[in-house]
Protein chains: 2
Amino acid sequence: MRYHKIPDETVRRLPMYLRGLLLCREQGVRDVSSRKLSELLHISPAQIRKDLSYFGAFGTPGVGYDTAKLAKQIRGILKIDTPNKAALVGLGNLGSALLKYPGFGAYGLQISAVFDNDPGKIGKIVKKVKVEDVSKLSTLKNKNIKLGIIAVPASAAQSVADALVKAGIRGILNFAPFYLDVPKKVKVITIDIAMVLARLPYYLPASA
Amino acid sequence: MRYHKIPDETVRRLPMYLRGLLLCREQGVRDVSSRKLSELLHISPAQIRKDLSYFGAFGTPGVGYDTAKLAKQIRGILKIDTPNKAALVGLGNLGSALLKYPGFGAYGLQISAVFDNDPGKIGKIVKKVKVEDVSKLSTLKNKNIKLGIIAVPASAAQSVADALVKAGIRGILNFAPFYLDVPKKVKVITIDIAMVLARLPYYLPASA
DNA sequence: TAAAGTTTGTGATTGAGTTCTCAATCACCA
DNA sequence: TGGTGATTGAGAACTCAATCACAAACTTTA
């Protein structure tokens with residue numbers, strides 16, 4: 001299966017597999033079968049095997065997958081085997097929370113530049129990172145930072161995105177409720193938290 | 001098309017349509033065609049029409065959709081035409097940001113109860129809501145709150161989910177990187193922010 | 001070494017969701 | 001009032017993803 005186009009859905013699940021593998025390793029499990037991983041992640045065993053098969057044959061029939069080895073492979077596929085630096089734009093409530101969020105480390109991600117337009121915040125040092133003025137976004141070019149996180153109001157999101165693209169950013173995680181118009185070479189993933197929550201009442205039973 | 005099973009993907013897009021319609025209304029646009037909405041949201045016109053057709057015929061051939069009328073319809077479908085109260089558990093960095101997040105109002109959502117296990121936070125009043133001890137989660141039963149937001153560490157997520165379910169919660173928005181085991185009647189949507197960001201490097205061009 | 005028991009990897013199948021297409025409908029205008 | 005142009009709604013066709021099912025590969029046991 002190695003030479004096929006990879007479904008986006010498969011890429012979306014790869015970090016889940018990595019999480020499951022790390023969980024197994026913590027518990028000292030050396031080998032894990034697709035069935036056991038399935039119980040942990042609630043993704044079907046066949047789905048797991050098919051997803052992995054797109055990239056090669058990592059398992060051993062009768063045994064399963066070597067947790068350490070497979071974790072390394074997946075990290076390689078996701079290109080997170082070497083650390084990735086990210087720039088955060090917007091140090092409001094959400095931006096601050098993201099900056100302090102401890103979960104990025106497990107995936108080799110590090111926020112190593114922060115920008116805001118509030119003079120009261122510029123110059124401050126949070127989490128060992130100095131807050132810079134958004135007008136300085138262009139300096140990212142020299143820092144080999146390819147990922148950007150947008151945590152600004154919707155009205156400013158597009159202009160921030162434009163600046164990020166101009167600064168050489170190639171992947172954007174966008175929290176603003178707004179479609180970002182960027183060149184095709186730039187990958188954008190948008191998370192609109194309110195919109196996700198807005199979907200929950202639909203599933204509530206009809207009776208109050 | 002009114003009597004078919006609704007695809008989950010369609011439900012996921014409904015809030016986007018609502019956002020687009022609100023945007024149009026702000027600009028004083030009375031009627032909008034599926035083509036114009038498409039340009040705004042980057043969802044194909046056919047997709048928009050098909051999604052809406054699952055619930056009825058809301059448009060006028062040759063004209064398009066009445067923005068005010070359609071917005072009202074969608075709110076009804078999503079059951080956000082009357083306000084929905086939500087309980088937030090976990091007032092860490094992310095929880096605090098969520099509590100202050102202004103975006104929920106547009107979807108009729110309101111965080112009207114907050115819980116934490118930190119004695120230093122319990123009793124405080126944030127955004128007019130008094131922070132309560134997590135052991136008081138059961139009091140939700142009397143408050144007609146059906147939605148819960150979990151913003152606690154992964155290690156505590158399952159026990160919080162159990163407590164929420166016991167308190168009558170029927171929909172959960174989970175930010176912990178963990179699969180939550182809940183009864184089928186409870187709908188869970190998980191957002192693992194780190195995991196989403198971890199997917200971006202995959203799309204970066206091969207050369208550094 | 002042979003037989004029994006697991007589990008992988010993948011072609012075949014099924015299913016879900018998207019796009020195509022066009023008849024039907026409506027506004028506008030001469 | 002009849003013709004023109006725009007747009008909806010929905011069946012049909014298509015595309016993409018998930019599941020099935022099984023041969024091949026490996027471990028274990030005797």
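Each chain gets a letter, A, B and so on, in the order its sequence line appears, and its residues count up from 1.
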Would you tabulate the side-chain donor-acceptor contacts of residues 56-70 of chain B under 3.5 Å, counting partners in other chains and residues two or more places apart, or write 'none'?
from     : atom 1 : to       : atom 2 : distance (Å)
Asp66(B) : OD1    : Ala68(B) : N      : 3.0
Asp66(B) : OD1    : Lys69(B) : N      : 2.9
Thr67(B) : OG1    : Val29(B) : O      : 3.1
Thr67(B) : OG1    : Arg30(B) : O      : 3.0

*So Tyr202(A) and Lys79(B), side chain to side chain contact (heavy atoms under 4.5 Å, CB included) or not? Walk me through it.*
CA-CA 6 Å; Tyr202(A) 174 84; Lys79(B) 297 185 196 163; 5.8 Å; no
If you look only at distance, which donor and acceptor atoms sit under 3.5 Å apart when one is on a side chain in residues 171-181 of chain A and the other is two or more places apart or in another chain?
from      : atom 1 : to        : atom 2 : distance (Å)
Asn174(A) : OD1    : Ala176(A) : N      : 2.9
Asn174(A) : ND2    : Ala176(A) : O      : 3.1
Asn174(A) : ND2    : Phe178(A) : O      : 3.3
Asn174(A) : ND2    : Thr190(A) : OG1    : 3.1
Tyr179(A) : OH     : His42(B)  : ND1    : 3.2

Using the 3.5 Å cut-off, write out each protein N or O paired with an N or O of nucleotides 13-23 of chain C and the distance between them.
from    : atom 1 : to       : atom 2 : distance (Å)
dT18(C) : OP1    : Arg13(B) : NH1    : 2.8
dT18(C) : OP2    : Arg13(B) : NH2    : 2.8
dT18(C) : OP2    : Gln47(B) : NE2    : 3.4
dT18(C) : O5'    : Gln47(B) : OE1    : 3.1
dT19(C) : OP2    : Ser44(B) : OG     : 3.2

*Is the backbone of Leu91(B) close enough, under 3.5 Å, to the side chain of Lys121(B) for a donor and an acceptor to pair up by distance?*
yes
List, one per line, each side-chain donor-acceptor pair under 3.5 Å for residues 8-21 of chain B, sequence neighbours excluded.
from     : atom 1 : to        : atom 2 : distance (Å)
Asp8(B)  : OD1    : Tyr203(A) : OH     : 3.0
Glu9(B)  : OE1    : Arg12(B)  : NE     : 3.2
Glu9(B)  : OE1    : Arg12(B)  : NH2    : 2.9
Thr10(B) : OG1    : Asp51(B)  : OD1    : 2.7
Arg13(B) : NE     : Asp51(B)  : OD2    : 2.6
Arg13(B) : NH2    : Asp51(B)  : OD1    : 3.2
Arg13(B) : NH2    : Asp51(B)  : OD2    : 3.2
Tyr17(B) : OH     : Asp51(B)  : OD2    : 2.6

_Is there a side-chain contact between Pro201(A) and Leu147(B) in this structure, where contact means two heavy atoms from C-beta onward sitting under 4.5 Å apart?_
yes
*Non-hydrogen side-chain atoms of Ile193(A) and Phe104(B) separated by less than 4.5 Å*: yes
*DNA chain C contacts made by residues 26-40 of chain A, counting heavy atoms under 4.0 Å*: Ser33(A), Ser34(A), Arg35(A)
*When the distance from OH of Tyr65(A) to P of dT7(C) is rounded to whole Å, what number comes out?*
12 Å
*Are any of the side-chain heavy atoms of Lys146(A) and Asn144(A) separated by less than 4.5 Å?*
yes
*Could you give the CG-to-P distance, from Leu52(B) to dG9(D), as a whole number of Å?*
8 Å
*Start with the C-alpha gap between Leu52(B) and Ile74(B), add the side-chain angles, then the distance that decides, and say whether side chain to side chain contact (heavy atoms under 4.5 Å, CB included) holds.*
CA-CA 9 Å; Leu52(B) 296 176; Ile74(B) 292 180; 4.3 Å; yes
Between the protein and nucleotides 27-30 of chain C, list every N/O to N/O distance that falls short of 3.5 Å.
none

*In whole angstroms, how far is the P atom of dT8(C) from the CG atom of Asp66(A)?*
13 Å
*So, do Phe115(A) and Leu140(A) sit near enough that their side-chain heavy atoms are less than 4.5 Å apart?*
yes
